[in-house]
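To start, the structure itself, in C-alpha cells.
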Amino acid sequence: VAGRWDQGQVLSLAPDASAERAARSLAAARAWLSGGCTEQEPAAVWGECTGSAAAPYRTAVDLSGPAYKCTCPSRKFPCKHALGLLLLWSDGGVPAGEPPDWAHTWLAGRAARGSGARPGGPADPEAAQRRAEQREQRVNAGLDELDRWLLDQVRAGLAHTPRAGYQHWDTIAARMVDAQAGGLAERLRALAAVPHSGPGWEGRLLEEYALLHLLAVAFRAQRGPREVVRSRIGFTVRQDAVLADGEQVSGRWQVLARRDMEQERIRTRRVWLRAERDGRFALVLSFAAPGESFDAAPVPGTGADLELAFYPDGLRALVVTSANRARTAPPGGGTVGGLLASWAGALSRDPWLDSWPAVLAGVTPVLAPRPSLRDAAGDALPLHPATAGWPLLALSAGNPLTLAGEWTPRGLLPLTVWDEAGQAVLL
Amino acid sequence: VTEPAVNNWQAVLSAALIGTERAVVPPPPSAFPGWDVTGDPAGTLLDHAALLTVARRAGQLAGSAEAPAAAAADPRPAVSAAAGRRLGRILGGENSELLHEWLHAIGRRGLRPPPQYLPALLDRARRVAASNPDPDEARLRGLVAAAGGPRAAWLAGLNPAWSWLLSVPPAAPAVPRLSGAEAAVALEMIGAQADITGVARLMAEVPGPWPATLTARVLSVATSALARTPLNASRVIRLAGVRADPALGAPDGMADFSPQAPQVLHTMLSVLRFRHEMLRELDGD
C-alpha cells in the first residue's frame, strides 16, 4: 500500500450520499476516543467512536482490501464510521501506532484466512487453488456416497421408512457435512419430518430422493444450471464477493411478504421483494441465533429505494443501501394461470426450487371441498396445509382480495393480505 | 412429456414403496431414449421419478372452485391500526383481563374489530361456559357476538366449533357502574374482611371504575398482605389496575396518589397505563 489515500479515493467507497454526509461529520479527531494506523503489512486503520450505544463502536479497516469491520448495527457497507475514520486518516488525523488487541485479532484472522486481498485474489493463490480442488474431490466422493445411499433406499423400498428414526437421515447428513456439502446435509435432515407430514408422505419422500439423485447426477456430469447446482449442494458465495462482483440493481422495490423458519435452532427470515419497474423478484434472507431478534429487515406493505447485489442465481440478494422507506398501496396482482406460468418458467431455471413468490389479485379463499384460493376466472389453487386459514377467511368474508405469499409444491401459503382499507396484514 | 407419462407417477411410486429388488420397475418414457434402462433398476427408477417430479410440478394445472357466499356487509367503521395491534397483544396474553373492557369500549363507540382477530376471539369465547361464576367471563360470549357482527356470524356458519355464536343474543350486556354510595359501602366492607382472600373475593364483585380512594385502600390492604400471601395479593393488585379509574393511568394521573410500596404501585400502574393507552387509541388519537 503506497501511502495515504486522497479524499476522493475514500469517498468513492461510500455506498450512498447519506453515508458520505454522515462520514464527513465523523472525520474529526474529537469524534474518536482512540485511533491509530500502521503501514506494516497488513496496513490498517482502526479507532473507537462514541455512538448511540453505551459501548463505543470499534471500527477497523484493512487497507489491503480494503475490508471493513465495525461493531455498529448499520447495514451499509462500509458504514459511516469506517468511512469517517478513513477520511480522518487521509487528512493525516490518525497517529501511527500498534493495533490494539481487538483490531489485531481481526486483522490477523483475515491474514490467516488468506482473504485479505480484494481486489487481487487470495494471498496465496496456489494454496487456495489446492483447497478448492480438494473440496471438489470431497464433494464428488460425497455425492457418490449419497447416490449409493439413495439407490439403496429405493432398492429396499420406502414403505418401512416411517419406522426409521431421525438417525436414518442424520447419519447420511453427517457424511455430507464431512464431504463439505452443507446444502445437501440440510436437505437430508429436513427429510426426517416427511414421514410424519400426513397423507401423501410417500410421494413427497420419493420426490425428495429423486431431486437429490438429480442433483448428484447433474454435479457429476457437469450438466444443468451450474451455479444453481453448486449453491444447492452447499458451495456458498461469500457476502463480500456478492457485494463486490454481484449484479447490482437499484430502484424502487415493493416488499411483498416475509416468512420465518427455524432449522437447527437458527431462525431464517425470508423477505420477498418485487421491482416496481419490471416486476423482477428478489429474495433477501436474514438470520437470528436463539434469543436474538432479526435485524431491521424490510416490512411487507412498504416500499423503498434499494440498491441490491444479487447472488449468482439471480434471485437471492443483499441489500446494499436502503432509503425512502414508506407505506405503499397494495401491489398489482396476477391470476392463478399467470402464477403457474411463472412457476413453470422458474422451475426450468432451477428444478430444485421449492417456493416461488405469488402475488394474486381478486382471489377469494374457499373452504370446501378443500381449502383453496379462487380467482375471478374461477381457477383455483390449493392452500398450503400451514395456512392461517381462519384469519384468511375472516379477512375475506367471502369477498375477493389481494394477497402475496409463496407457491410451493404443497400449495399456496398466503403471507400478506391487503384489507379493504389497503392496509397490509401479516398472517 | 406427454400426459400418459405424467400419469406413470403412481406406478413409479408403487415400485419405490415395494423396492426395486422385488417390484417391477415401470419403463421410462420412450421420449428419452438415451436412458440406460438395462442398468441398475434403482437408478432407472430414480431418474424416472426425478423427471416426473419436475414435470408434475411445472405442469401443475389450476383446479376449479365455486365462489362462496359472502358475509353481510358490516357498516361499522374499523378501529384504528394501533387499536387493532393492541387487541393482538391482549389476545396474545398481555393483560388479557382487559379483553372485556376493550370489547365494551368498541361497542360503545360503534367500531368493529380487525377481522383477522375474529377467529381468536371466537376461540377465546368458546372456552368459557355461560355459567362461569366470574361475571366478566359469563358475559364474554355476548360481547364477542356483539363485537364480531355479521362477519363473526358468517364464520360461525362455517365452523361447528363456533356454532354457539348463532344462539347467543348479540346485545351487549349493560356495564354496571359504581355509584359514590356503593363505593363508600365497599370501602367499609374491606375493613370488615379478615384476610386478603376475602378482599379478593369481595372486590371482584365491585364493578369499575373505582374512585381513587377505593383504589388506594385496596392497594394498601394488598401491600400489607404481599409478604404472607403473595399470589392472592398480586391478584388484587392487578384487579385494582383493571378496575381503577382509567384516567389515573395518564402520565400525571398518579400525581396526588399517596405512594404505596413502589413495586405494588408499579404492577398496578403497568396494567393501568396499558388500559389508559388502550382507551385513548379507541378515541382515535
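Naming: A, B, ... by sequence-line order, numbering from 1 per chain. Side chains included, hydrogens not; waters and symmetry mates left out as well; all remaining heavy atoms used.
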What residue in [options] has the most heavy-atom pairs under 4.5 Å with chain B?
{"options": "A/Q153, A/E202, A/R370", "value": "A/E202"}
{"options": "A/D147, A/L392, A/D379", "value": "A/D379"}
{"options": "A/A346, A/A368, A/G203, A/A377", "value": "A/G203"}
{"options": "A/S396, A/A394, A/A344", "value": "A/A394"}

Residue among [options] with most heavy-atom pairs under 4.5 Å to chain A:
{"options": "B/L122, B/L45, B/T53", "result": "B/T53"}
{"options": "B/G63, B/A71, B/S64, B/A50", "result": "B/G63"}
{"options": "B/A78, B/A15, B/A67", "result": "B/A67"}

Can you measure from CZ (B/R151) to CG (A/N399) and round to the nearest 0.5 angstrom?
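Going from CZ on B/R151 over to CG on A/N399, the span is 7.0 Å.
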As an exercise, state the distance from CG of B/L13 to CZ of A/R204, rounded to the nearest 0.5 Å.
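Spacing of CG (B/L13) from CZ (A/R204) equals 11.0 Å.
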Where the side chain of A/R155 meets the backbone of B/T20, is there a donor-acceptor pair that is under 3.5 Å apart?
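No; judged by distance alone, with no hydrogens or angles, the pair does not exist.
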Has [X] got more than 12 heavy atoms of other residues, nucleotides or ligands less than 6.0 Å from its [atom1]?
{"X": "A/R226", "atom1": "CZ", "answer": "no"}
{"X": "B/R89", "atom1": "CZ", "answer": "yes"}
{"X": "A/R259", "atom1": "CZ", "answer": "yes"}

Proximity breakdown for [X] and chain B, heavy-atom pairs closer than 4.5 Å:
{"X": "A/L150", "value": "both"}
{"X": "A/W407", "value": "side chain"}
{"X": "A/P365", "value": "backbone"}
{"X": "A/V154", "value": "both"}
{"X": "A/L151", "value": "both"}

Is chain A contacted by the side chain of [X], its backbone, both, or neither, given a heavy-atom distance below 4.5 Å?
{"X": "B/A69", "value": "backbone"}
{"X": "B/N159", "value": "both"}
{"X": "B/V12", "value": "both"}

Do [X] and [Y] have side-chain heavy atoms sitting under 4.5 Å apart?
{"X": "A/L340", "Y": "B/L61", "result": "no"}
{"X": "A/T364", "Y": "B/P68", "result": "yes"}
{"X": "A/L211", "Y": "B/V54", "result": "yes"}
{"X": "B/L46", "Y": "A/L206", "result": "yes"}
{"X": "B/D123", "Y": "A/W390", "result": "no"}

Nearest atoms (heavy-atom pairs only) where B/A58 meets A/L347:
N-CD1, 3.4 Å
What is the minimum heavy-atom distance between A/P382 and B/Q60, and which atoms define it?
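Nearest pair, atom of A/P382 first, then B/Q60: CD-NE2, 4.5 Å.
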For the pair B/R57 and A/E207, find out whether any cationic side-chain nitrogen is under 4.0 Å from an anionic carboxylate oxygen.
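Answer for the salt bridge query: yes.
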Could you go through B/E66 and A/V366, starting from their C-alpha distance and side-chain angles, then the distance that decides it, and tell me whether this counts as side chain to side chain contact (heavy atoms under 4.5 Å, CB included)?
CA-CA 8 Å; B/E66 293 294 315; A/V366 178; over 6 Å; no
